[in-house]
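Here is how names work: the chains are called A, B, and so on, in the same order as the sequence lines, proteins then strands, and each is numbered from 1.
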Number of protein chains: 2
Amino acid sequence: MKNLPHKTIERLSQYRRALLLCHAKGMVHIYSHEIAKIQHITPVQVRRDIMLIGYTGTLRKGYNVKELIDLIGQIIDSEEGINVCVVGIGNLGRAITNYFSGKRTKLSIAAVFDVELSKVGKKYYRIDCFHIDDIPRIIKERKIEIGIMTVPGEDAPAIAEMLVKAGIKGLLNYTPKPVNVPDDIYLEEYDMITSLEKVAFFVKTHH
Amino acid sequence: MKNLPHKTIERLSQYRRALLLCHAKGMVHIYSHEIAKIQHITPVQVRRDIMLIGYTGTLRKGYNVKELIDLIGQIIDSEEGINVCVVGIGNLGRAITNYFSGKRTKLSIAAVFDVELSKVGKKYYRIDCFHIDDIPRIIKERKIEIGIMTVPGEDAPAIAEMLVKAGIKGLLNYTPKPVNVPDDIYLEEYDMITSLEKVAFFVKTHH
DNA sequence: TTAACAATGTGAAATAATTAACATTTTTCT
DNA sequence: AGAAAAATGTTAATTATTTCACATTGTTAA
Ligand SMILES: NC(=O)c1ccc[n+]([C@@H]2O[C@H](COP(=O)([O-])OP(=O)(O)OC[C@H]3O[C@@H](n4cnc5c(N)ncnc54)[C@H](O)[C@@H]3O)[C@@H](O)[C@H]2O)c1
Ligand SMILES: NC(=O)c1ccc[n+]([C@@H]2O[C@H](COP(=O)([O-])OP(=O)(O)OC[C@H]3O[C@@H](n4cnc5c(N)ncnc54)[C@H](O)[C@@H]3O)[C@@H](O)[C@H]2O)c1
């Protein structure tokens with residue numbers, strides 16, 4: 001049960017998001033094919049993932065929504081929660097900060113950073129904005145383990161280095177500029193143009 | 001050469017992004033290991049992808065940057081370019097629109113839509129904003145083939161349906177609510193929480 | 001009671017993606 | 001010229017992920 005496939009981790013997160021909605025609507029049980037429908041995947045895939053985390057549903061009734069939510073939490077969340085910061089509070093940084101501030105997950109944005117003095121000292125969606133020079137201090141004080149970068153591309157390498165030096169453990173880079181980090185830092189990069197070009201390609205080649 | 005792996009398509013888009021920067025810097029040739037370094041992957045992977053699109057480099061000199069950029073374009077772009085729209089011009093919608101307006105790719109945002117009357121009629125980064133009731137008309141008039149959804153989650157299913165009815169071919173859903181579309185529409189969904197939870201998981205389990 | 005049904009759970013097969021291994025070729029060095 | 005080095009290109013092996021196929025078992029209905 002220790003080595004879950006990367007893809008399974010991603011799907012578990014998605015299952016939970018969907019399950020939380022189901023739970024809010026009062027659903028007690030859910031079938032694998034219902035989850036599958038929501039996620040646009042096959043029911044077998046869902047059952048396999050659930051099997052991998054060692055949960056077992058009730059024959060004919062499906063899975064207990066609440067139990068499954070809790071178990072997924074035990075697998076992917078950290079007991080104590082993880083603090084995150086956003087660097088670069090422009091359009092994208094605000095979109096992300098706003099999006100998170102609504103949720104109550106184990107992940108919380110504990111600080112945002114920017115260079116613009118007009119932004120420093122303000123609050124964004126209730127989160128304090130600090131100057132990037134304070135990155136080392138605030139990251140330690142607030143026990144921040146993950147950084148989200150939404151600065152202009154050309155500043156990304158420098159900010160990545162600052163975050164790593166400050167002791168960050170994981171980095172989510174939304175700038176279009178790939179950055180280098182030491183091996184022990186988990187790095188994830190995402191670029192919308194890639195997604196969109198992929199959609200365009202498959203549209204072009206009619207799937 | 002016809003059936004390229006999905007992952008290869010994604011990487012080709014990323015290679016091109018990096019290659020364009022290299023080209024701008026005046027680089028004429030590039031080695032597979034240099035591309036690999038930028039993308040955090042192995043040189044073999046790079047060579048394999050390039051092999052799949054039928055390009056061949058020069059031994060000892062690597063790949064011609066300009067030629068490779070052009071070839072990737074021939075593979076993933078459409079000759080005539082593809083028009084895209086953004087629905088929901090809030091923080092995220094603006095971030096995306098702004099991001100694209102800078103680039104000159106074959107993909108261009110040809111319209112944005114919103115419900116808020118205060119936004120309708122304005123321009124965002126030079127793109128006209130229309131009311132969602134105009135979706136059918138504008139999508140036809142401006143030959144828009146791909147839609148990007150950045151509306152509140154609860155509105156996503158309705159907007160998806162409108163876009164599909166209007167004749168969209170591909171859909172990129174950034175809302176946290178998975179939507180259903182007919183089989184012949186290419187759908188891609190992305191949620192930051194999933195990415196972040198994945199980072200958190202692998203940070204927790206020290207890779 | 002029994003048959004049909006509708007679900008889960010899972011070993012095994014199939015498919016997709018990555019990596020290893022190495023032949024080949026050009027360049028450089030002695 | 002010949003040897004060593006440094007690249008590419010590609011087959012084969014490996015690994016990762018998905019799907020198939022079906023045993024199992026509650027539930028419903030005749
Ligand atoms: N990954 C994606 O899909 C995607 C989508 C849209 C935008 N982007 C990228 O995200 C980044 C932000 O986009 P945006 O639309 O929010 O831009 P923006 O200009 O609105 O915001 C950038 C913010 O970063 C701040 N900043 C500038 N230099 C900084 C530094 N050295 N340290 C800290 N903060 C700094 C600016 O003051 C500003 O607040 C850009 O790199 C953009 O290309 C990525
Ligand atoms: N995928 C991600 O990673 C990610 C990140 C951040 C936010 N989000 C999601 O993206 C969406 C937008 O986020 P945001 O921060 O930009 O929110 P926002 O509130 O700033 O913007 C939403 C915009 O949609 C408009 N709108 C509302 N209903 C509409 C409708 N029926 N038709 C058209 N437009 C409508 C609003 O007027 C507003 O302009 C939300 O669903 C949010 O949860 C996703």
Side-chain angles (χ1 to χ4, degrees), chain A residues 1-15 19 22 27-68 71-72 75 183 188 194 198 201-202 205 207, chain B residues 1-15 19 22 27-68 71-72 75 183 188 194 198 201-202 205 207:
Chain A
M1 212 268 275
K2 216 62 279 206
N3 276 9
L4 295 169
H6 284 221
K7 287 291 183 67
T8 294
I9 299 297
E10 286 180 14
R11 283 191 301 263
L12 287 173
S13 164
Q14 291 163 358
Y15 297 163
L19 289 168
C22 295
M27 280 177 69
V28 178
H29 288 95
I30 193 166
Y31 298 125
S32 61
H33 67 257
E34 294 176 299
I35 300 178
K37 183 85 187 302
I38 299 172
Q39 303 300 143
H40 318 297
I41 56 178
T42 66
V44 202
Q45 180 97 81
V46 173
R47 294 204 298 276
R48 164 81 43 183
D49 287 333
I50 290 174
M51 186 193 102
L52 288 173
I53 62 172
Y55 183 67
T56 133
T58 311
L59 201 45
R60 272 308 279 254
K61 268 174 140 184
Y63 303 95
N64 181 295
V65 175
K66 185 59 170 45
E67 282 176 17
L68 192 46
L71 182 57
I72 292 175
I75 305 283
D183 273 357
E188 175 103 358
T194 293
K198 192 171 130 193
F201 176 82
F202 287 109
T205 58
H207 272 207
Chain B
M1 214 267 276
K2 217 61 279 206
N3 274 9
L4 296 168
H6 283 221
K7 287 292 183 66
T8 294
I9 299 297
E10 286 180 15
R11 281 190 302 262
L12 287 173
S13 163
Q14 290 163 359
Y15 297 164
L19 289 168
C22 294
M27 280 178 69
V28 177
H29 288 95
I30 191 166
Y31 298 125
S32 60
H33 67 258
E34 293 177 299
I35 300 178
K37 184 86 187 302
I38 299 171
Q39 303 300 144
H40 319 298
I41 56 178
T42 65
V44 201
Q45 180 96 83
V46 174
R47 294 204 297 277
R48 154 88 26 176
D49 288 332
I50 290 174
M51 187 193 100
L52 288 175
I53 61 172
Y55 184 67
T56 132
T58 310
L59 202 46
R60 272 311 278 253
K61 268 175 138 184
Y63 304 95
N64 181 295
V65 175
K66 184 60 171 45
E67 282 176 16
L68 191 46
L71 182 59
I72 292 176
I75 305 283
D183 273 357
E188 173 104 358
T194 293
K198 192 171 131 193
F201 176 82
F202 287 110
T205 58
H207 275 206

Original post:
Taking CD1 from A/I50 and C1' from C/dA7, how many angstroms apart are they, rounded to a whole number?
Top reply: 13 Å

**OP:** Return the value, rounded to whole Å, for the distance between atom NZ of B/K37 and atom C1' of D/dA7.
**Re:** 18 Å

Subject >> N or O in side chain of A/Y31 less than 4.0 angstrom from C/dG9 OP1/OP2 >> reply: no

**OP:** Using atom CG of B/D49 as one end and atom C1' of C/dA17 as the other, report the distance to the nearest whole Å.
**Re:** 10 Å

Subject >> Residue closer to the 5' end of DNA chain D, B/V44 versus A/T58 (nearest nucleotide) >> reply: B/V44

Subject >> From A/F201 atom CZ to B/L12 atom CG, the distance as rounded to the nearest 0.5 Å >> reply: 8.5 Å

Subject >> Rounded distance in Å - CG (B/L59) to P (D/dG9) >> reply: 8 Å

Subject >> Separation of atom CZ in A/R48 from atom C1' in C/dG9, rounded to whole Å >> reply: 9 Å

Original post:
Separation of B/H29 atom NE2 from C/dT27 atom P, in whole Å?
Top reply: 11 Å

Original post:
What is the distance from NE2 of B/H33 to P of D/dG9, rounded to the nearest Å?
Top reply: 14 Å

**OP:** Taking salt bridge (Lys or Arg N to Asp or Glu O under 4.0 Å) as the test, write out the residues that go with B/R48, two or more places apart.
**Re:** none

**OP:** Check every strand shown and say whether A/S32 touches a base, only sugar-phosphate, or nothing at a heavy-atom separation below 4.0 Å.
**Re:** sugar-phosphate

Original post:
With a non-hydrogen cut-off below 4.0 angstrom, is B/T56 in contact with a base, only sugar-phosphate, or nothing?
Top reply: sugar-phosphate

Subject >> Those residues that, when tested against A/K37, pass salt bridge (Lys or Arg N to Asp or Glu O under 4.0 Å) (two or more places apart) >> reply: none

Subject >> Selected nucleotide, minimal atom distance to A/Q45 side chain, candidates D/dT18, C/dA17, D/dA7 >> reply: D/dT18

Original post:
Is a side-chain N or O of A/E34 found less than 3.5 angstrom from the main chain of A/Y31, in a donor-acceptor match?
Top reply: yes

Original post:
Hey, which of these two, A/R60 or A/Y55, hits DNA chain C nearer its 5' end, going by closest nucleotide?
Top reply: A/R60

Subject >> Heavy-atom side-chain contact between B/R47 and B/Y63 under 4.5 Å >> reply: yes

Original post:
Just how far, in rounded Å, is P of D/dT24 from CZ of A/R47?
Top reply: 16 Å

